[in-house]
Amino acid sequence: MKRIFEINPWKVVTHKFNKEDKRLQESMTAIGNDYMGMRGNFEEGYSADSLQGTYLAGVWFPDKTRVGWWKNGYPKYFGKSLNAPNFIGLGITVNGEKVDLAKVKFSDFELSLDMHQGLLSRSFVYEGKDVKVKFEFRRFLHIVQKEAALIEVKATVLEGHAKIDFDSTLDGTVVNEDSNYEEHFWDALGEDAKEKTIQVKTKPNPYEVPQFAVLLKESLRHDGQVIDREVSTKEAQLSEKLSMELDQGQSYELEKDVIVVTSRDVDEKDQLAVANELMNKLQAKSFDENLADHEAVWAKRWETSDVEISGDEAAQQGIRFNILQLFMTYYGEDKRLNVGPKGFTGEKYGGATYWDTEAYIVPMYLAVTKPEVTRALLQYRHDQLPGAYHNAKQQGLPGALFPMVTFNGIECHNEWEITFEEIHRNADIPFAISMYTKYTGDDSYVKNEGMDVLVGTARFWAARVHFSKWRNKYVMHGVTGPNEYENNVNNNWFTSTMARWLLKYTLERLPLATKEAQERVKVTDEEKAKWQDIADNIYLGEDKDLGIFLQQDDFLDKDIRPVSEIEDQRPINQHWSWDKILRSPFIKQADVLQGIYFLNDQYTMEQKEKNFDFYEPLTVHESSLSPCIHSILAAELGKQDKAVELYERTARLDLDNYNNDTVDGLHITSMSGSWLAIVQGFAGMRYNNDELSFKPFLPKKWSHYSFKINYRGRLLLVEMSDKAKITLISGEPLDIKLYDKQVHLEEGESANA
């Protein structure tokens with residue numbers, strides 16, 4: 001665990017700069033506005049180790065899959081979220097020396113991400129020969145005018161005389177750090193010194209994936225007035241230079257405004273005209289006026305989503321950081337988008353969509369955003385059903401197989417044990433339909449479009465199992481469960497359990513579907529009988545002596561021992577060979593326990609406890625998705641210390657770099673886990689059979705916590721200190737259960753226990 005930022009309830013702030021932590025700092029100070037985003041790179045540039053990264057939502061490239069041995073069914077390409085043109089560049093020279101914090105002398109460093117307003121700030125004092133200059137930066141990506149980025153720098157001479165040269169740049173020559181053979185993905189379309197624009201386009205590809213054209217326009221302002229200086233261009237690059245001379249005590253403020261438009265929204269030939277219009281709109285207001293508009297939206301979001309914690313500022317900072325990063329990545333305003341595991345913070349995982357969204361993002365967003373946001377996530381998968389049918393066909397199977405990794409519905413992950421075998425996603429993704437339906441009470445989706453998803457995936461599962469005469473059961477061979485430290489196993493309990501759930505849920509909902517949906521899916525009586533037979537007779541491993549569900553066949557043949565015996569060798573994925581990991585009993589993330597979490601009401605407390613007590617000590621939590629599930633189950637089982645320990649791990653996973661991999665970018669899709677650990681764990685929120693219930697407890701170090709949730713048109717405030725208090729802030733009367741006691745709430749009323 002490494003903590004490089006100070007504990008602060010509303011800021012991610014540090015007053016230290018260590019070169020070896022540069023990439024960590026860049027990840028943790030990434031910003032976005034769910035249209036674009038970037039790592040916390042320095043505007044003036046930095047010549048030592050760094051990961052320069054700017055990313056545009058929905059802009060990607062199908063990079064040819066390169067593997068040692070090609071096998072039938074392999075994806076033809078690996079989808080990559082591209083490192084987009086860098087537009088923050090503001091090179092600085094003082095009295096002829098380039099300001100580069102990797103080389104120059106400086107002091108009074110501060111780097112701060114204000115979480116309440118989504119504003120990144122930085123300052124330092126440059127110490128040159130006979131001169132000291134303080135530089136102060138502010139930067140934000142406009143949450144109201146999504147295509148706009150605003151950057152401000154203020155230079156103040158503290159000692160001596162300074163000739164300061166600024167070089168404002170747009171650079172389309174960037175490459176992905178993970179590109180093969182330093183391959184470039186952008187072609188230059190043109191540069192215009194007069195309009196101060198560059199335009200680039202992703203290079204052609206042979207996979208019928210659209211090319212993306214991007215135009216960037218910059219404009220400099222001083223005291224609110226546009227200034228024009230020397231502009232030069234070369235292929236895919238633009239440079240605008242200006243100079244000034246300042247004496248001691250004098251200051252100069254320079255604002256750089258940038259507009260970014262992509263062909264996702266604006267045709268290539270129309271981009272310049274649209275960018276000019278957007279720039280005029282942006283510059284009708286000052287930097288501070290635009291910031292005020294931006295802040296107002298953030299304030300409104302925080303009003304309903306904030307989780308307040310008293311008594312533990314580290315926990316408070318962690319949950320707010322995670323909510324901020326989630327909302328900067330996705331807020332449901334573009335139904336063509338989804339939530340990438342790294343968001344706008346790094347290249348790892350290609351930036352594409354995983355099953356993480358449905359399993360981890362959906363249950364949080366249901367409660368803190370409008371229902372339309374989650375509905376958009378459901379629709380995203382429905383829109384990509386043609387790709388799911390393609391994926392199943394590639395495996396020689398009927399029905400629909402949702403991809404492990406995708407931008408467009410087509411599988412684009414090139415590790416065989418994931419692409420072919422980690423198929424539990426084909427039930428996890430439809431599971432979101434049931435969560436949405438149960439939480440909102442709105443069954444219009446499951447009765448119509450949702451039925452296409454359920455039937456398509458049911459047909460896949462019915463073909464993926466086979467009947468074992470020896471067991472007299474349906475079995476499922478050659479799969480990878482959520483625990484990716486086990487590959488190509490037989491009868492993974494979680495995968496088979498979720499397949500059974502999918503078949504049963506589809507059969508349950510099918511008679512309730514609209515007539516149009518039933519005619520569309522055309523499920524035969526023979527199919528229904530087969531699905532029911534599989535659901536009734538699928539093999540689910542169990543050891544009755546231990547009282548546990550078997551993660552997979554032969555799991556108990558392993559050298560079962562707790563993780564505590566190998567503490568000095570963790571994380572094992574950075575110390576052990578893959579062969580050694582696969583043979584070990586150690587579990588990457590919740591697997592059996594993931595199923596118990598999903599289908600919580602189907603298991604007894606005794607079953608939950610025995611499985612938790614067996615599997616949690618074997619779990620290394622080397623997936624960001626792991627700690628929150630264990631925390632929620634620990635809380636339910638009354639293991640409060642363990643619940644809090646694992647909450648702290650999920651809440652501060654990146655801030656404290658628990659898994660020693662935050663340099664690659666943040667773990668965006670697991671960030672909802674900290675919210676889930678508080679709301680479903682500490683507060684015990686459940687929603688079953690049209691009933692909302694709570695069983696809160698207060699962590700020992702905390703004196704109070706509170707949060708708000710939307711539930712079926714109501715807004716509720718949940719508070720916990722020495723006692724629990726639930727208030728119906730607005731909406732129709734509601735019956736809830738608090739510590740198993742039925743309570744009726746009218747608007748404005750509270751229940752205490």
Side-chain angles (χ1 to χ4, degrees), residues 30-45 52-57 59 82-92 118-120 122 137-153 166-174 186 189-200 213-222 224-229 231 233 236-242 253-262 264-266 271-291 293-294 328 344:
I31 58 174
N33 65 0
D34 77 343
Y35 174 85
M36 59 183 170
M38 64 188 65
R39 291 170 59 81
N41 303 121
F42 292 172
E43 289 87 348
E44 73 276 13
Q52 191 278 318
T54 303
Y55 311 96
L56 307 176
V59 173
L82 294 184
N83 193 357
N86 179 12
F87 53 77
I88 66 169
L90 263 176
I92 302 171
L119 177 70
L120 182 61
R122 182 169 54 96
F137 295 86
R138 293 194 295 170
R139 177 165 96 219
F140 70 98
L141 300 179
H142 213 311
I143 209 164
V144 179
Q145 192 174 333
K146 303 282 190 180
E147 304 88 352
L150 294 90
I151 303 144
E152 180 188 73
V153 58
F166 289 105
D167 184 8
S168 177
T169 58
L170 303 175
D171 183 8
T173 65
V174 295
W186 296 102
L189 288 182
E191 307 78 32
D192 190 323
K194 181 180 178 183
E195 296 286 356
K196 300 181 183 177
T197 62
I198 64 170
Q199 192 175 29
V200 295
V214 178
L215 182 136
L216 301 96
K217 178 181 179 68
E218 76 164 42
S219 179
L220 302 181
R221 290 199 284 179
H222 173 63
Q225 300 299 310
V226 175
I227 56 177
D228 288 304
R229 291 294 188 271
V231 178
T233 62
Q237 293 178 291
L238 180 143
S239 169
E240 183 173 8
K241 297 182 185 295
L242 67 154
E253 291 186 17
L254 178 65
E255 177 184 340
K256 177 177 183 175
D257 299 324
V258 179
I259 297 294
V260 181
V261 292
T262 82
R264 294 182 68 251
D265 303 306
V266 181
Q271 289 180 348
L272 176 59
V274 170
N276 284 335
E277 182 181 333
L278 290 170
M279 184 65 81
N280 289 336
K281 179 182 177 183
L282 177 69
Q283 294 191 328
K285 295 183 177 182
S286 68
F287 184 98
D288 286 330
E289 287 171 333
N290 277 299
L291 180 58
D293 292 342
H294 170 83
M328 288 200 296
F344 300 119

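Count residues from 1 along the sequence.
- Nearest approach of N33 to A148, heavy atoms of both residues: ND2-O, 4.5 Å.
- Between V153 and F166 there is a side-chain heavy-atom pair separated by less than 4.5 Å.
- In this structure, L141 and G37 approach most closely via the heavy-atom pair CD1-CA, 3.6 Å.
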L242 and L254: CA distance, side-chain angles, deciding distance, side chain to side chain contact (heavy atoms under 4.5 Å, CB included) verdict:
CA-CA 10 Å; L242 67 154; L254 178 65; 4.1 Å; yes

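- When every heavy atom of F87 is checked against every heavy atom of M36, the shortest pair comes out as CZ-SD, 4.0 Å.
- F287 and F140 make their closest contact through CZ-CE2, 3.8 Å (heavy atoms, listed as atom of the first residue, atom of the second, distance).
- Here the straight-line distance linking atom CD of E277 with atom CG of N280 works out to 8.0 Å at 0.5 Å rounding.
- Of all non-hydrogen atoms in A30 and M328, the two that sit nearest each other are O-CE, 3.4 Å.
- Remark: R139 CZ to L150 CG distance equals 11.5 Å, nearest 0.5 Å.
- The aromatic rings of H142 and H294 sit perpendicular to each other, their planes meeting at more than 60°, with 30° as the lower class boundary.
- In this structure, the separation between CG on N86 and OG1 on T169 is 6.0 Å, given to the nearest 0.5 Å.
- R229 has its side chain within reach of I227: a pair of non-hydrogen atoms, C-beta onward, lies under 4.5 Å apart.
- Here the shortest heavy-atom pairing between K196 and E240 reads NZ-OE2, 2.7 Å.
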Please walk me through it: do L238 and E191 pass side chain to side chain contact (heavy atoms under 4.5 Å, CB included)?
CA-CA 7 Å; L238 180 143; E191 307 78 32; 5.7 Å; no

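- A salt bridge does not link D257 to K285: none of the charged nitrogens lies less than 4.0 Å from a carboxylate oxygen.
- Using a 4.5 Å cut-off on side-chain heavy atoms (C-beta onward), I198 and T233 make no contact.
- A 4.5 Å side-chain heavy-atom check between E152 and E253 finds at least one atom pair inside the cut-off.
- Note that CD1 of I259 and CG of L272 are 12.0 Å apart. Values are rounded to the nearest 0.5 Å.
- Side chain of D171 to backbone of P85: no donor-acceptor contact under 3.5 angstrom is found.
- D192 and T197 share no donor-acceptor pair across their side chains, judged by distance under 3.5 Å alone.
- Between K256 and L90, some side-chain heavy-atom pair lies under the 4.5 Å cut-off.
- Residues passing the ring pair (Phe, Tyr, Trp, His ring centres under 6.0 Å) test with F42 are F17, Y46, sequence neighbours excluded.
- Residue E195 holds its CD atom at 10.5 Å from CE of M279, rounded to the nearest 0.5 Å.
- Listed for the H222 side chain is no donor-acceptor partner under 3.5 Å among the backbone atoms of E255.
- With values rounded to the nearest 0.5 angstrom, F137 atom CZ is found 4.0 Å from I92 atom CD1.
- Between K146 and D34 the shortest side-chain heavy-atom distance falls below 4.5 Å.
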Decide side chain to side chain contact (heavy atoms under 4.5 Å, CB included) for L291 and R138; before the verdict, give the C-alpha distance in whole Å, the side-chain angles of both, and the deciding distance to 0.1 Å.
CA-CA 10 Å; L291 180 58; R138 293 194 295 170; 3.7 Å; yes

